[in-house]
Amino acid sequence: MEIKAIRGFNDILPSEIRKWQFVERIAREVFEGFGFSEIRIPVLERTELFARGIGESTDIVEKEMYTFLDRSGNSVTLRPEATASIARAYLEHQLYSFDPVAKLYFIGPMFRYERPQKGRYRQFYQVDAEVFGVGNPMVDAEVILMLMHFLKKVGLERLELHLNSLGCRACRPRYREDLRNFLKRKTFQLCRDCQRRLQMNPLRIFDCKVQTCQEAIVEAPRVIDFLCEDCQIHFDKVKEYLQMVGLDYILNPRMVRGLDYYTRTAFEVVSYHLGAQNAVTGGGRYDNLFKEIGGPDIPGIGFAVGMERLISLLPNERHTISRPHLFIAALSGEPQKEAYRLVNQFHLEGIWAELDYEGKSLKSQMRRADKLKARFTLILGDEEMRKGKAILRDMDTHTQEEVFISDLLKIFKEKVSPQKSTPS
RNA sequence: GUGAGUGUAGCUCAGCCGGAUAGAGCACUGGGUUGUGGCCCCAGUGGGCGAGGGUUCGAAUCCCUUCACUCACCCCA
């Protein structure tokens, strides 16, 4: 009891692991169906990768990273997100030389030093997918379709897909200035945080929950009115393709992103059952990332799904209770040894059998067999054993019969249907 | 980093305008059936009230400090 897990770092217990395995399985099936390949990236990267990729002045880099010096004195960081690492791997291994278009996905833990709250932990898992090498808006819609399909397959409904365009290097600065000028005239209306944001990153004011700030921005200029011609065309196409693949979305000109590398298409899927951290997933296009980390000019788009958030939305049923095929209740001495021999023999055949190790009373063993929800219980007593037999009790039907111990394995191989054993 | 709330048995929680050995339900163990489960009945194990300090004749109950958890802000998946 003395040593506890580190704050914000959680155990995933056997009782909830089925949900995780389920979501991971669906992710793999859906993504691979869309032509994505899994990639696995290291937990630790050079700090520089994130500083340059995500942006020096972002909150993540400024105050949320687990950064430290390793024993050689290099500054290293536990990955706070996957995109930069995946892009790094793509460049480092020249994956573009095989095919300039790369569709990659990744599932694993990320680390951010934030104050934990509902749906936000210091170690948290993301399901991440990225497409590198295509700037065409078709891919934007394709990626969003895959995302929504995945969420649907996993069983989530009533989600809102929010869509926006953040513009590019050519048009966003112009918008920023315009927004700043607009809000400067309303400075007195803004909360202290927003007055600070006005200087740092005026777009963030859209996220503020203070009433007066909300009022101040009601008539604020919108990004989508400032898009340059290329961005406008791109955005129109994205919407057109989304419609073509049959996806509904909510145009949300106020949705902004916290990572510097995002350009143009930005999207988020929110649920109102999540509390304050209501984004199940977020993503977008990032046509500047590769240049930032020292690569060629390669466009990219992707998303990250928050596993904990997603799982908290999952319906509670669905988890199949796993139950032992057999519980072996032995009475004493010789039967106990026989039980031990049998249990291990069963295990080698992939049949889940349990027994009591403590030499408890039959009643107590039966209770445990019941608690474990064993399908059958084998009662090994001296009398039957002398005849080479034992009592096999069907716990569901409450019936029992004497069987030859030598026949047991055969009996159970028949009883254990193929689906019940581990599915491949 | 800021704010609010909470911290009593393995779990959920009661007790908290101070007062004599700290309670309930569930769980666990044993028994009621010298060899048989789920219901029921009986009995039992288990905490000294997050930690430290203070006030008091006396503190789980009041005060201070600290830690942890939760939610919210910030930000994000």
Side-chain angles (χ1 to χ4, degrees), chain A residues 1-2 4-8 10 15 54 58-64 80-83 107-129 147 151 191-194 196-197 200-201 204-205 207-210 255-259 262 266-271 274-284 302-313 327 329-332 335 356 358 360-385 390-400:
Chain A
M1 270 299 106
E2 302 81 21
K4 292 187 184 164
I6 297 172
R7 162 168 240 208
N10 301 124
S15 55
I54 299 171
T58 57
D59 277 22
I60 292 179
V61 173
E62 269 186 352
K63 52 186 194 191
E64 295 173 5
E81 59 114 39
T83 308
I107 302 173
M110 305 298 162
F111 306 85
R112 262 125 92 158
Y113 190 87
E114 298 179 85
R115 192 87 169 250
Q117 72 184 71
K118 187 177 169 71
R120 193 174 71 190
Y121 311 100
R122 290 182 172 182
Q123 175 177 141
F124 60 101
Y125 287 75
Q126 286 189 338
V127 172
D128 193 278
L147 169 63
L151 296 175
C191 68
R192 211 192 278 157
D193 282 335
C194 283
R196 198 196 72 234
R197 291 185 185 117
M200 306 293 289
N201 190 351
R204 292 243 68 94
I205 297 177
D207 282 343
C208 187
K209 278 141 190 150
V210 176
M255 186 186 61
V256 292
R257 309 260 70 198
L259 288 71
Y262 284 112
F267 53 91
E268 214 166 77
V269 177
V270 304
S271 162
L274 281 174
Q277 310 302 320
N278 65 353
V280 190
T281 161
F303 60 79
V305 181
M307 273 289 257
E308 289 81 357
R309 293 180 189 179
L310 171 52
I311 282 169
S312 75
L313 291 173
F327 187 93
L331 284 167
S332 59
D356 160 63
E358 317 288 336
K360 289 195 176 149
S361 69
L362 180 59
K363 177 174 185 159
S364 161
Q365 295 190 59
M366 290 300 289
R367 276 189 177 155
R368 195 156 94 93
D370 187 64
K371 191 178 68 185
L372 296 175
K373 298 205 165 30
R375 183 67 186 78
F376 293 91
T377 298
L378 187 75
I379 299 162
L380 277 174
D382 292 299
E383 286 174 37
E384 295 83 358
M385 260 190 72
I391 297 167
L392 183 61
R393 181 171 176 82
D394 185 320
M395 299 297 276
D396 290 354
T397 63
H398 316 268
T399 56
Q400 58 189 48

Can you confirm whether A/Leu392 sits close enough to A/Asp394 that some side-chain heavy atom of one is under 4.5 Å from a side-chain heavy atom of the other? no
Atom pair distance, as rounded to whole Å: CG in A/Leu313 and P in B/A77: 16 Å
Please enumerate all residues that pass ring pair (Phe, Tyr, Trp, His ring centres under 6.0 Å) together with A/Phe267, with sequence neighbours excluded. none
Verdict with supporting geometry, A/Ile54 and A/Glu81, side chain to side chain contact (heavy atoms under 4.5 Å, CB included): CA-CA 9 Å; A/Ile54 299 171; A/Glu81 59 114 39; 3.6 Å; yes
With rounding to whole Å, what would you report as the distance between B/A43 and B/G50 at their P atoms? 30 Å
What is the distance, to the nearest angstrom, from the CD atom on A/Gln277 to the C1' atom on B/A72? 9 Å
Could you give the distance separating B/G47 and B/C64 at their C1' atoms, to the nearest angstrom? 26 Å
Who pairs with B/G44 - Watson-Crick or G-U, where each distance is under 3.5 Å: B/C28
Work out how far the C1' atom of B/C39 is from that of B/U45, and round it to whole angstrom. 24 Å
Base, sugar-phosphate, or nothing for A/Arg120, non-hydrogen atoms under 4.0 angstrom? base
From A/Leu331 atom CG to A/Leu362 atom CG, the distance as rounded to the nearest 0.5 Å: 5.5 Å
Using whole Å, report how far CZ of A/Phe111 lies from P of B/A77. 16 Å
Between C1' on B/C75 and CD on A/Glu62, what's the gap in Å once rounded to a whole number? 12 Å
What's the CD-P distance between A/Glu114 and B/C75, to the nearest Å? 11 Å
Determine the interatomic distance between C1' on B/G23 and the same-named atom on B/A14; round to the nearest Å. 7 Å
Find the partner of B/A20: check Watson-Crick (N1-N3 plus N6-O4 or O6-N4) and G-U wobble (N1-O2, O6-N3) distances, both under 3.5 Å, and reply none if neither fits. none
Between B/A60 and B/C75, how far apart are the two C1' atoms, rounded to whole Å? 39 Å
Pick the C1' atom in B/C13 and in B/C74, then give their distance to the nearest Å. 34 Å
Across all chains, not counting sequence neighbours, the ring pair (Phe, Tyr, Trp, His ring centres under 6.0 Å) partners of A/Phe376 are A/Phe412
Once you round it to whole Å, what is the distance between C1' of B/C28 and CG of A/Asp370? 15 Å
Per-nucleotide protein contact along nucleotides 31-36 of chain B, 5' to 3', at a 4.0 Å heavy-atom cut-off (B base, S sugar-phosphate only, - neither), is BB--BB
Under the salt bridge (charged side-chain N to carboxylate O under 4.0 Å, His left out) definition, can you give me all pairs with a residue in residues 360-372 of chain A, not counting sequence neighbours? none
Mind checking the P distance from B/U8 to B/G48? Whole angstroms is fine. 12 Å
Give A/Ala304 one of three labels, base, sugar-phosphate or nothing, depending on what nucleic acid heavy atoms sit under 4.0 Å from its own. sugar-phosphate
Would you list the atom pairs, donor with acceptor, under 3.5 Å between side chains in residues 107-118 of chain A and any protein atom, with sequence neighbours excluded?
| unit_1 | atom_1 | unit_2 | atom_2 | d |
| --- | --- | --- | --- | --- |
| A/Arg112 | NH1 | A/Pro80 | O | 2.5 |
| A/Glu114 | OE1 | A/Arg120 | NH1 | 3.3 |
| A/Gln117 | OE1 | A/Arg120 | NH2 | 3.3 |

In terms of the nearest nucleotide of RNA chain B, which residue is placed more toward the 5' end: A/Lys360 or A/Arg309? A/Lys360
Provide the Watson-Crick or G-U wobble partner of B/A4, both distances under 3.5 Å; none if there is no partner. B/U70
At 4.0 Å (heavy atoms only), tell me whether A/Val127 reaches a base, stays on the sugar-phosphate, or touches nothing. nothing
Identify all pairs in which a protein N or O lies below 3.5 Å from an N or O of nucleotides 65-71 of chain B, and state each distance.
| unit_1 | atom_1 | unit_2 | atom_2 | d |
| --- | --- | --- | --- | --- |
| B/C69 | OP2 | A/Arg7 | NE | 2.6 |
| B/C69 | OP2 | A/Arg7 | NH2 | 3.4 |
| B/C71 | OP2 | A/Lys118 | N | 2.9 |

Taking a pair as Watson-Crick or G-U wobble with both distances under 3.5 Å, which nucleotide is matched to B/U55? none
Reading RNA chain B from 5' onward, which residue's closest nucleotide shows up sooner: A/Gln126 or A/Thr397? A/Thr397
Please determine, for B/C39, whether a Watson-Crick or G-U wobble partner exists with both distances under 3.5 Å, and give it or none. none
Using whole Å, what does the distance between atom P of nucleotide B/C28 and atom CD of A/Glu358 come to? 15 Å
Partner residues of A/Asp382 under the salt bridge (Lys or Arg N to Asp or Glu O under 4.0 Å) criterion, sequence neighbours left out: none
Relative to its sugar, using the 90° cut-off around 0, the base of B/G25 is anti
With a 3.5 angstrom cut-off on both distances, give the Watson-Crick or G-U wobble partner of B/U34, or none if there isn't one. none
Rounding to an integer number of angstrom, what distance separates B/U61 and B/G53 when you compare their P atoms? 14 Å
Sequence neighbours excluded, the answer for side-chain hydrogen bond (donor to acceptor under 3.5 Å, both in side chains) partners of A/Glu62 is none
Sequence-distant partners of A/Glu268, side-chain hydrogen bond (donor to acceptor under 3.5 Å, both in side chains), two or more places apart: A/Arg257
Would you call A/Leu151 and A/Thr281 a side-chain contact if the rule is heavy atoms closer than 4.5 Å? yes
Separation between CG (A/Leu380) and CD (A/Gln365), nearest 0.5 Å, reads 9.5 Å
B/C28 OP1/OP2 closer than 4.0 Å to side-chain N/O of A/Lys371: yes
For atom CD of A/Gln365 and atom P of B/G30, their distance in whole Å: 10 Å
